[in-house]
Structures are given as structure tokens and as C-alpha cells.
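Report on one structure; see the data block that follows.
Numbering starts at 1 and runs along the sequence shown.
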Amino acid sequence: MKITLKDGSVKEYAESRRIIEIAADISEGLARMATAGEVNGEVVDLRTVVEEDCDLNILTFNDEKGKGAFRHTASHIMAQAIKRLYPDTKLAIGPSIDDGFYYDIDREIPIVAEDLEKIEAEMRKIVKEALSIEQFTMPRNEAIEYFKEKGEIYKVELIEDLPEDSVISFYRQGEFTDLCAGPHLMNTKNVKAVKLTSLAGAYWRGSEKNKMLQRIYGTAFPKKAELEEHLAMIEEAKKRDHRRLGKELGLFMMRDEGPGFPFFLPKGMVLKNTLLDYWREIHTKNDYVEINTPIMLSRHLWETSGHWGHYKENMYTTVIDEEDFAIKPMNCPGGILVYQSEPRSYRDLPIRMGELGLVHRHEKSGQLHGLMRVRCFTQDDAHIFMMPEQIRDEIKGVAKLIDEVYSLFGFKYHVELSTRPEDSMGSDEDWELATDALRGALDDLSLPYVINEGDGAFYGPKIDFHLQDSIGRTWQCGTIQLDFQLPLRFELEYTGADGEKHRPIMIHRVAFGSIERFIGILIEHFAGAFPTWLSPVQVKVLPISDKYMDYAEKVLADLKAEGIRAELDSRAEKIGYKIREAQMQKIPYMLVVGAKEEESGLVSVRSRFEGDEGQKPLGEFVASIQEEIAGKIAREVKQEEK
């Protein structure tokens with residue numbers, strides 16, 4: 001049989017082999033690092049026997065899917081430790097997640113934070129025991145009886161939901177056996193570094209009608225140094241938490257009267273509007289027109305678009321004049337109505353319509369998180385209507401625009417191509433054509449990408465841009481979705497050069513994604529210390545005492561007249577205190593004024609970037625800061641303020 005590896009090389013074997021054996025044949029080092037295998041796109045155990053020709057990828061902790069197998073094993077080790085320490089505990093589910101794993105448990109006496117260290121210690125014992133991990137199966141009825149005898153009611157419920165002819169997969173390590181489809185590591189000894197991070201509540205199977213269970217979160221790494229680096233990043237993330245900084249800097253607030261509905265405060269509105277001004281600037285430069293569509297539209301529209309059938313549980317609905325209406329969760333159907341408002345010719349295409357549309361989506365209360373997960377947000381949508389031969393160029397144009405945006409803020413990013421999900425509409429031919437068009441555009445741009453199987457929108461495949469912030473976290477923001485389906489469902493047309501009617505193709509795309517979420521990301525990326533062009537307050541004028549208030553007010557007026565966002569600290573406080581307060585507010589520039597400055601018509605400049613920059617004529621300072629703002633220059637911090 002022929003085994004085609006990720007690099008295109010081929011291994012040939014006369015008889016079947018386990019994946020771990022193939023990894024060892026490639027190199028002993030690879031076998032030691034291997035966590036799982038991927039056979040023809042399916043992630044499987046290293047125990048899996050390969051019996052015929054296939055494409056094989058040996059996964060390690062450096063691969064996201066490899067991390068999943070590693071951390072899934074860590075969740076089983078944690079469950080085993082909990083059962084050793086607290087045998088009466090009932091186990092629910094324990095998957096791997098981004099950055100770690102969790103296990104949901106049910107115990108009469110809840111686990112408390114002080115217990116986590118004890119559980120960690122028991123986990124380390126299990127790792128040292130180097131228990132082999134084995135997979136086996138049982139018929140469904142035997143599996144149900146097995147867990148009934150153990151009193152594992154949640155496992156029984158999961159199995160009872162499976163078809164009667166199911167063969168149930170189990171994993172065993174030492175005395176511990178769990179219901180699981182895998183994959184898992186070969187041995188517990190590889191999970192060298194673990195940390196249990198938090199406790200939370202979680203309804204069984206995500207339903208508020210069910211019992212509240214306890215969820216224990218943790219993370220795991222192959223090396224202690226990697227764990228320490230990760231924990232240091234978490235501590236840094238806490239310092240940068242946009243919810244805390246948003247409150248301290250007066251940017252936004254959340255209230256119980258509107259859970260998931262953010263309130264932007266005056267300084268937050270300056271930040272938001274500055275971002276929107278930039279959005280309009282780059283879209284005008286790229287030949288977009290801006291539209292605005294109603295926030296509420298009739299059920300008929302959402303049925304035609306498919307949202308009523310595919311997305312209704314996330315939509316807010318009401319009845320007007322005995323007709324069902326929905327507050328829009330997405331802007332695209334409104335954009336389509338604008339396209340339909342007049343006849344279109346091939347000479348008009350492509351039409352690039354941008355919209356800063358307020359959308360509402362019902363998120364569960366437990367999923368809400370500051371500005372990162374809200375129930376209403378402004379989506380920087382654009383919808384491009386085009387002919388088939390324009391697809392690649394338009395996709396490349398959008399990708400370049402998104403690159404320009406992310407580069408401005410100093411974000412690195414990677415790209416994923418998401419393919420057809422199970423719940424989708426449209427023909428196989430359309431999906432293949434759309435996916436090939438996206439892939440071709442990425443290849444033309446020489447943009448590296450990974451395939452994210454089955455994660456496309458229900459109406460078409462998409463390209464997702466995952467940006468990386470200053471402390472290494474990734475966020476999915478920009479997206480390009482190619483859509484053959486909505487133009488068909490809405491019977492969109494344009495007149496071609498041949499005089500006949502043709503169907504346009506549609507791109508859905510965002511750069512920021514959600515403006516609110518992007519602001520949250522920016523707060524954490526910059527730790528609240530925004531570049532000068534983006535800062536709500538760019539200059540703080542600090543008079544040394546009340547004697548120089550008149551001069552300070554003149555400086556303030558001159559700054560405002562030049563379009564610079566400035567404030568005056570008129571409090572009767574010492575200048576050192578005023579400087580520290582301005583530093584705490586992350587103000588880029590402070591202009592200190594006293595007797596010497598007033599006499600000479602100068603200002604003493606202190607910056608967040610270099611500290612004391614000396615005395616300058618006000619006009620010289622204004623010219624330099626205007627250049628910095630106009631060029632959207634991000635100055636580097638050369639000296640930490642004391």
C-alpha cells in the first residue's frame with residue numbers, strides 16, 4: 001500500500017501498519033512528538049491501523065488538531081484524578097477546547113478553588129505512572145449497563161441518545177475508563193505540564209432546563225517552560241482585560257438593564273467614530289458606495305434569504321400589523337433589496353456596497369463577554385455584486401484591503417479557507433465552483449492558508465482572517481464569503497453584453513467584523529495606550545498652578561482650533577500628580593505650562609513614548625502631532641514612564 005505524506009513523499013508497505021509505526025519509520029523523533037494522525041482528512045488515534053492507500057499527516061502538539069488530542073487526554077487524566085480523590089463524583093463530558101480543556105462534573109459537595117491544587121497533584125501522579133491508554137468498544141446495550149452499574153447517569157443518557165445498533169467507543173487508562181470517541185495519546189506520561197485554571201457553572205447539555213453542573217477548566221503542554229509562558233500570557237491578558245480598561249478609561253459600560261447591549265461613553269464614541277471615519281476613508285479609496293438599510297424587515301424576506309429556516313433561534317422577532325418581522329441579524333438581505341431597486345447592466349459591475357449596519361443576535365447569557373460577545377453590534381459589512389469573470393480580482397481586492405487594515409494596527413494574521421458545512425443550501429457544482437474561486441484567489445496572492453473543513457456559511461464557502469495581537473492571542477475578524485445562493489433565491493439579474501439576463505455572484509465581507517468586538521481587541525492589543533491618531537484624548541494641558549490657567553486655556557484653544565483632541569487639567573493638584581493621572585489615562589502627550597513657558601510662548605512636552613521631550617514652540621508641536629495623526633503613525637515607546 002502507498003502512504004502519501006503531507007510533504008508529498010510516498011511510503012510503501014507490503015502489509016498494514018499502525019500510524020505510530022509509520023511515524024517511527026519516518027523518524028524516532030517524530031514518533032516521540034506525535035499526538036494523533038490524520039487519514040484522508042479524518043483525525044484518528046496513533047493506534048489506528050492503516051490498511052490501504054491513503055493521505056497521512058502525522059500530527060504533533062504544533063498542529064491545532066494535534067493539540068486537541070493532547071489536551072483531550074489531559075481532560076481524561078483530570079477526570080481520573082477527580083474520581084480517585086472524590087469517588088462519588090459523576091462525570092459528564094470533557095473535551096479539549098482552544099487553549100486547554102474542561103470536564104463537567106456533578107458532585108453533592110462542589111469542588112472549590114482550594115481543591116484544584118490537590119487535583120493537579122493527583123494528575124501529576126497519574127502522568128508519572130505512565131499508564132498505557134487503550135481503546136475498546138462495546139455494543140450499545142452493554143455500554144448502558146456498564147455505566148448504570150457505575151452510577152454514571154450522564155454517560156447513560158449520552159449513549160441512550162445513540163442509535164440502537166451503535167458500537168460504543170471507550171478509552172481505558174489504569175483503573176479509569178471513559179466513554180469517548182477519541183483520539184488520545186498512547187500514554188499518560190507525555191502530559192508533562194498541567195494547570196487547572198478556573199471553575200464555572202454549566203448547564204447539562206447547554207440547556208437551562210437541565211441541572212447546573214460544575215465545569216473545571218485547565219490547560220496542558222508537553223513542556224513546563226511552554227506552560228509557564230502560557231500562564232505568563234494569561235496574566236498579561238488579565239492586565240489588558242478590555243472590560244477593566246474600558247471602565248478605567250471611560251470608553252464603555254455594561255448594565256443589567258441591557259445584558260449584552262453595550263453603552264458607549266463619550267470617549268468611547270470618539271474612539272468608535274475615529275475607526276468608522278477610517279473605514280469610510282479606505283472604502284471610498286477602494287470605490288465602495290455606502291448604504292444604510294432598515295433594522296427590521298418582514299419574515300418574508302428572511303424566509304427567502306434562508307435565515308428564518310437556518311438562524312431563527314438567534315433572531316429577535318415581533319409582530320407588526322399581524323405580520324411577523326425580525327430585527328436583522330445580518331445586513332445582506334437589505335443590501336440585496338438595494339441591488340434590486342433598479343435595473344443593472346454588466347457595465348455597472350462590480351458594485352461594491354458598504355454598510356455600517358447595526359445587527360442583533362440572541363446570544364445565551366452565559367456566553368456574553370464585554371464587547372467580545374454581545375447581542376447588538378455594528379458590522380462593517382460590504383456586499384459586492386459581480387460577474388463570474390470578476391470573482392478572483394474582487395476577492396484579491398478585498399484581501400488586500402483587509403491586509404491594509406490589519407497592518408495599520410500592527411496585527412499579524414493567518415488565513416483559513418472554510419468549506420461546505422452539513423447544513424447548507426445549493427448544488428454541488430456551485431459549491432465546487434465557489435470554493436475553487438476562493439482557493440484560486442489565495443493562490444494568486446501567494447497567501448498561505450489552511451483548510452477548515454465544513455465550517456463555511458450555509459450559503460457558501462469563506463475565507464477567514466485570524467489576526468494575532470501583541471501578546472500572541474488570535475482573533476477571527478475579517479471574512480470573505482462567496483455566495484451563489486442568495487442571488488438565485490432573490491432572482492437577482494443584470495443585463496449582459498449579449499443583451500440577455502444573467503445572474504450576478506455575490507461576495508459578503510467584513511474587515512473589522514464587529515466594530516464593538518474590534519474595539520475590545522484593540523483595547524487589549526494596545527493595553528489601552530492607543531496610537532495618537534486613535535486616542536480619544538491626544539493631548540492633556542497641565543498648568544503647574546492656577547497662576548498659569550489663562551495661558552493653559554489659550555494653549556488648549558489653539559490645539560482645538562487645529563483639530564487636535566485636547567483637554568485641560570484645571571484641578572488644584574501638584575504637577576507630579578497631574579502627570580501620573582494623565583499617564584494612567586494613557587494620554588499620548590502632556591503639555592506642561594508654567595512661568596518659563598508663558599514668558600517664552602513655549603510648552604514643555606512630555607510623551608508616552610520618550611518621556612520628557614523638552615520645550616518647544618506650540619506651533620512646532622502642533623505641526624509634528626498633526627503629521628503623526630494624518631499619517632496614522634504608531635510611535636514606539638523608547639522610555640517607560642516612571
Side-chain angles (χ1 to χ4, degrees), residues 1-78 80 94-96 100-101 123-137 167 169-178 180-194 219-227 229-230 448 450-451 453:
M1 64 180 176
K2 293 183 178 181
I3 308 298
T4 305
L5 302 175
K6 186 179 181 180
D7 63 2
S9 62
V10 176
K11 287 276 187 181
E12 294 193 29
Y13 300 100
E15 55 189 20
S16 59
R17 294 254 183 134
R18 293 189 304 163
I19 292 175
I20 188 64
E21 293 169 340
I22 297 172
D25 187 38
I26 296 169
S27 85
E28 287 298 330
L30 178 61
R32 283 194 300 272
M33 293 174 62
T35 59
E38 189 173 21
V39 177
N40 296 330
E42 181 185 359
V43 181
V44 296
D45 266 343
L46 292 170
R47 308 162 186 74
T48 301
V49 177
V50 178
E51 298 179 312
E52 57 187 21
D53 295 356
C54 69
D55 292 330
L56 174 63
N57 184 15
I58 308 295
L59 300 173
T60 70
F61 191 81
N62 294 326
D63 303 294
E64 285 305 312
K65 294 174 182 176
K67 278 188 181 74
F70 185 96
R71 288 172 170 158
H72 196 176
T73 300
S75 78
H76 277 218
I77 293 172
M78 180 173 73
Q80 183 177 12
S96 65
F101 59 89
M123 290 176 71
R124 287 191 285 272
K125 287 182 186 177
I126 293 167
V127 170
K128 285 184 179 178
E129 289 170 19
L131 303 175
S132 292
I133 301 173
E134 305 163 8
Q135 197 233 0
F136 64 96
T137 60
V167 176
S169 173
F170 290 79
Y171 279 82
R172 176 169 51 220
Q173 54 199 49
E175 83 288 355
F176 178 73
T177 299
D178 204 355
C180 190
H184 284 280
L185 302 180
M186 303 287 288
N187 196 291
T188 62
K189 68 181 179 183
N190 298 311
V191 186
K192 305 260 186 225
V194 296
T219 192
F221 290 83
K223 297 177 182 177
K224 186 178 179 181
E226 293 173 324
L227 173 62
E229 183 180 341
H230 176 76
V450 296
I451 302 292
E453 295 286 354

query = Got a sec: does the CD of Glu134 have more than 12 other heavy atoms crowding it under 6.0 Å?
reply =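 Counting other residues, nucleotides and ligands, CD of Glu134 exceeds 12 neighbours.
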Distance-minimising heavy-atom pair for [X] and [Y]:
{"X": "Ala74", "Y": "Val191", "result": "CB-CG1, 4.1 Å"}
{"X": "Ser96", "Y": "His72", "result": "CB-N, 3.8 Å"}
{"X": "Ser16", "Y": "Val49", "result": "CB-CG1, 3.7 Å"}
{"X": "Ala36", "Y": "Pro183", "result": "CB-CG, 4.3 Å"}
{"X": "Ile3", "Y": "Glu52", "result": "CD1-O, 4.0 Å"}
{"X": "Tyr13", "Y": "Asp25", "result": "OH-OD2, 2.6 Å"}

ask   = If we only count heavy atoms from C-beta on, is the Phe176 to Leu131 side-chain gap below 4.5 Å?
value =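 No - every pair of side-chain heavy atoms lies 4.5 Å or more apart.
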ask   = Does any non-hydrogen side-chain atom of Leu227 lie less than 4.5 Å from one of Lys192?
value =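 Contact flag for Lys192/Leu227 side chains = no.
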query = Within the side chain of Asp53, is there an N or O that forms a donor-acceptor pair under 3.5 Å with the backbone of Lys2?
reply =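 At least one qualifying donor-acceptor pair exists.
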query = Between the main-chain N or O of Ile126 and the side-chain N or O of Gln80, is there a donor-acceptor pair closer than 3.5 Å?
reply =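 No.
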Can you list, pair by pair, the side-chain donor-acceptor contacts under 3.5 Å of residues 56-71, counting residues two or more places apart and other chains?
residue	atom	partner	partner atom	Å
Asn57	ND2	Glu38	OE1	3.3
Thr60	OG1	Asn62	N	3.2
Asp63	OD2	Thr60	N	2.9
Lys65	NZ	Glu38	OE2	2.8
Lys67	NZ	Phe61	O	3.1
Arg71	NE	Ala220	O	3.1
Arg71	NH2	Ala220	O	3.4

[atom1]-[atom2] distance between [X] and [Y], expressed to the nearest 0.5 angstrom:
{"X": "Lys189", "Y": "Glu129", "atom1": "NZ", "atom2": "CD", "answer": "14.0 Å"}
{"X": "His76", "Y": "Thr177", "atom1": "NE2", "atom2": "OG1", "answer": "10.5 Å"}
{"X": "Met1", "Y": "Glu12", "atom1": "CE", "atom2": "CD", "answer": "10.5 Å"}
{"X": "Gln173", "Y": "Asn187", "atom1": "CD", "atom2": "CG", "answer": "9.5 Å"}
{"X": "Ile20", "Y": "Met186", "atom1": "CD1", "atom2": "CE", "answer": "5.5 Å"}
{"X": "Arg172", "Y": "Ser132", "atom1": "CZ", "atom2": "OG", "answer": "11.0 Å"}

Check residues 41-48 and write down every donor-acceptor pair under 3.5 Å in which the side-chain atom is one partner and the other belongs to a residue at least two apart or another chain.
residue	atom	partner	partner atom	Å
Asp45	OD1	Arg47	NH1	3.1
Asp45	OD1	Tyr171	OH	3.4
Asp45	OD1	His184	N	2.7
Asp45	OD2	Arg47	NH1	3.1
Asp45	OD2	Tyr171	OH	2.4
Arg47	NE	Ile133	O	3.0
Arg47	NH1	His184	O	3.1
Arg47	NH2	Ile133	O	2.9
Arg47	NH2	Leu185	O	2.4
Thr48	OG1	Asp45	N	3.4
Thr48	OG1	Asp45	O	2.9

key: side chain to side chain contact (heavy atoms under 4.5 Å, CB included) partner of Asp55, chosen from Leu5, Thr4, Val39   =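 Exactly one candidate clears the test, Thr4.
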query = Do Glu21 and Arg18 sit within salt-bridge range, that is, some charged N less than 4.0 Å from a carboxylate O?
reply =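 Salt bridge present between Glu21 and Arg18.
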